[in-house]
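I have placed the structure first, in the form of structure tokens, so that the comments after it can refer back to it.
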Number of protein chains: 2
Amino acid sequence: MSNEKGPDHSRRKERSRQAILAAARALVTEETYEKVTVEAIAARAGVGKQTIYRRWPSKSAVVFAALLALSEDADGQSVTLPDTGDLQADLKLVMRATVEEFADPSFDKLIRALNTEIANDAALAAEYREKLARPLDEAKKARLRSAQKAGQLALDADLDLALEMLYAPLFQSWLHRSRPLTAAYADSLVDATLRAFGPGTGARSAH
Amino acid sequence: MSNEKGPDHSRRKERSRQAILAAARALVTEETYEKVTVEAIAARAGVGKQTIYRRWPSKSAVVFAALLALSEDADGQSVTLPDTGDLQADLKLVMRATVEEFADPSFDKLIRALNTEIANDAALAAEYREKLARPLDEAKKARLRSAQKAGQLALDADLDLALEMLYAPLFQSWLHRSRPLTAAYADSLVDATLRAFGPGTGARSAH
DNA sequence: AAAACGAAACGAGACGAGCCGTATTGAAGT
DNA sequence: ACTTCAATACGGCTCGTCTCGTTTCGTTTT
């Protein structure tokens with residue numbers, strides 16, 4: 001697509017692109033999302049405003065791209081959950097790690113900003129699901145399928161529903177600050193979810 | 001409290017107060033939250049901007065107050081859930097009703113606005129929990145306690161956790177638009193929650 | 001009782017500041 | 001040379017403050 005004839009300007013573009021995303025990320029972690037301005041991002045990145053508007057259509061898009069890029073780096077290629085053969089132990093490990101992530105103030109501000117954007121913009125929400133949520137969910141579901149084969153989870157369990165019941169309460173408690181996020185809470189969620197979807201629970205219907 | 005000597009202007013205050021809150025509510029349901037301006041609220045209410053700023057410190061506070069007032073009216077005094085003696089049926093009724101509420105575009109916009117505010121302001125979040133979330137949760141917990149007495153729920157079930165696992169997935173699915181909200185989905189949540197917290201599940205620990 | 005008074009609350013809108021997104025220009029990179 | 005860039009000016013919009021003249025309504029005077 002960019003195999004044109006002219007001189008190669010991709011290095012400049014890439015450098016300023018990285019600077020913009022880094023500046024956006026830094027500002028979101030420092031201030032609350034509403035206070036982050038395009039002008040501040042440009043100033044911090046040592047970049048003209050027009051350079052930002054050349055690439056992204058709005059402030060939301062820039063910030064969203066910054067958050068996307070963040071986790072694309074972090075993920076590397078493949079996301080895999082631990083699989084020691086003990087589903088309950090593995091899930092508690094993961095859930096406790098998630099609890100600790102939410103305790104980090106920078107992570108907290110970042111995810112709040114991300115949620116503010118996707119809650120009010122259906123298009124961004126779709127992109128978020130596609131690029132961030134889905135890969136993670138697939139990794140989690142892979143672990144659950146492995147547990148089904150090992151007889152630790154009902155064969156007819158609705159894995160999407162199980163994941164929701166595992167994660168949504170944690171997410172909501174954090175979003176609304178309605179209770180402290182502790183390791184014990186993480187464990188309780190795992191225990192309750194396994195009671196609902198464990199082997200022999202007849203997960204499809206309780207009649 | 002207000003047993004001063006001076007003349008009583010409370011009638012004027014109350015009239016303009018109601019007009020402001022009604023205008024704020026109307027605008028939030030018509031536009032998206034970001035597009036609602038204080039000036040628009042003032043114009044719609046037939047009120048000067050200063051009258052708004054005399055009472056509330058910021059735009060967020062006005063809109064939040066408007067949403068609070070809305071449900072204070074709706075609630076009347078006491079919130080009670082149906083109790084036919086069949087917990088599963090009663091919960092499905094309530095969850096299906098909740099699903100339908102979220103399908104209403106006005107309600108959708110309203111709750112998205114409310115969530116945008118409380119997600120980014122810890123003080124508003126606390127007020128929200130105190131005045132809106134808690135009374136509803138207490139009503140739901142009352143129904144669950146009744147079910148415990150009827151032997152339809154484990155006696156040592158963590159009721160707060162059960163409520164979260166029932167409602168948080170619905171809330172998150174709606175917030176992120178990650179799946180269609182159907183009656184079948186509502187039923188699945190009830191079924192799964194009852195499998196986790198039903199009688200004889202040893203709800204406190206699964207060891 | 002009727003009229004005049006005065007304090008509080010009010011509607012309207014001007015104002016400065018900040019931000020958004022666009023347009024222009026001259027410098028720097030390749 | 002040709003492109004991309006930083007810097008900056010700009011119009012438009014919103015916020016929250018401030019001022020000004022008006023309306024409301026209990027009190028006081030007649």
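Here is the naming used below: chain letters follow the sequence lines, and residue numbers restart at 1 for every chain.
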Mind listing the N/O atom pairs, protein and nucleotides 18-23 of chain D, below 3.5 Å?
{"from": "dC18(D)", "atom 1": "N4", "to": "Q50(B)", "atom 2": "OE1", "distance (Å)": "2.6"}
{"from": "dT23(D)", "atom 1": "O2", "to": "R12(B)", "atom 2": "NH1", "distance (Å)": "3.2"}

Which ring-ring contact (aromatic ring centres under 6.0 Å, His included) pairs, counting each pair once, include a residue from residues 114-146 of chain A, with sequence neighbours left out? Y128(A)-H176(B)
With salt bridge (Lys or Arg N to Asp or Glu O under 4.0 Å) as the rule and sequence neighbours excluded, what pairs involving residues 36-50 of chain B come up? E30(B)-R44(B), E39(B)-K49(B)
Which pairs pass ring-ring contact (aromatic ring centres under 6.0 Å, His included) with one or both residues in residues 25-51 of chain B, sequence neighbours excluded? none
State whether R15(B) places a side-chain N or O below 4.0 Å from either non-bridging phosphate oxygen (OP1 or OP2) of dC25(D). yes
Axis-to-axis angle for the helix from dA1(C)-dT30(D) to dT30(C)-dA1(D), ends of five pairs each, to 10°, equals 10°
Taking only residues two or more places apart in sequence or in another chain, which ones pass salt bridge (Lys or Arg N to Asp or Glu O under 4.0 Å) with R54(A)? none
Student check: side-chain heavy atoms of P82(B) and V94(B) closer than 4.5 Å: yes
Contact list for residues 60-71 of chain B, test salt bridge (Lys or Arg N to Asp or Glu O under 4.0 Å), sequence neighbours left out: none
Could you give me the CA-CA distance, side-chain angles and deciding distance for R129(A) and D137(A), then say whether salt bridge (charged side-chain N to carboxylate O under 4.0 Å, His left out) is met? CA-CA 10 Å; R129(A) 284 199 310 277; D137(A) 282 355; over 6 Å; no
With sequence neighbours excluded, residues passing side-chain hydrogen bond (donor to acceptor under 3.5 Å, both in side chains) with T116(B): N120(A)
Atom CZ of R145(B) with >12 non-hydrogen neighbours under 6.0 angstrom: yes
Applied to residues 92-111 of chain B, the ring-ring contact (aromatic ring centres under 6.0 Å, His included) test, sequence neighbours excluded, yields F102(B)-F107(B), F102(B)-W174(B)
Within residues 37-44 of chain A, the residues having a heavy atom closer than 4.0 Å to DNA chain C are T37(A), V38(A), E39(A)
Partners meeting salt bridge (Lys or Arg N to Asp or Glu O under 4.0 Å) with E127(B) (sequence neighbours left out): K131(B)
Short of 4.0 Å, heavy atom to strand atom, which residues of residues 51-60 of chain B count as contacting DNA chain C? T51(B), R54(B), R55(B)
Nearest-Å distance for atom pair CD/C1', residues E31(A) and dC19(C): 14 Å
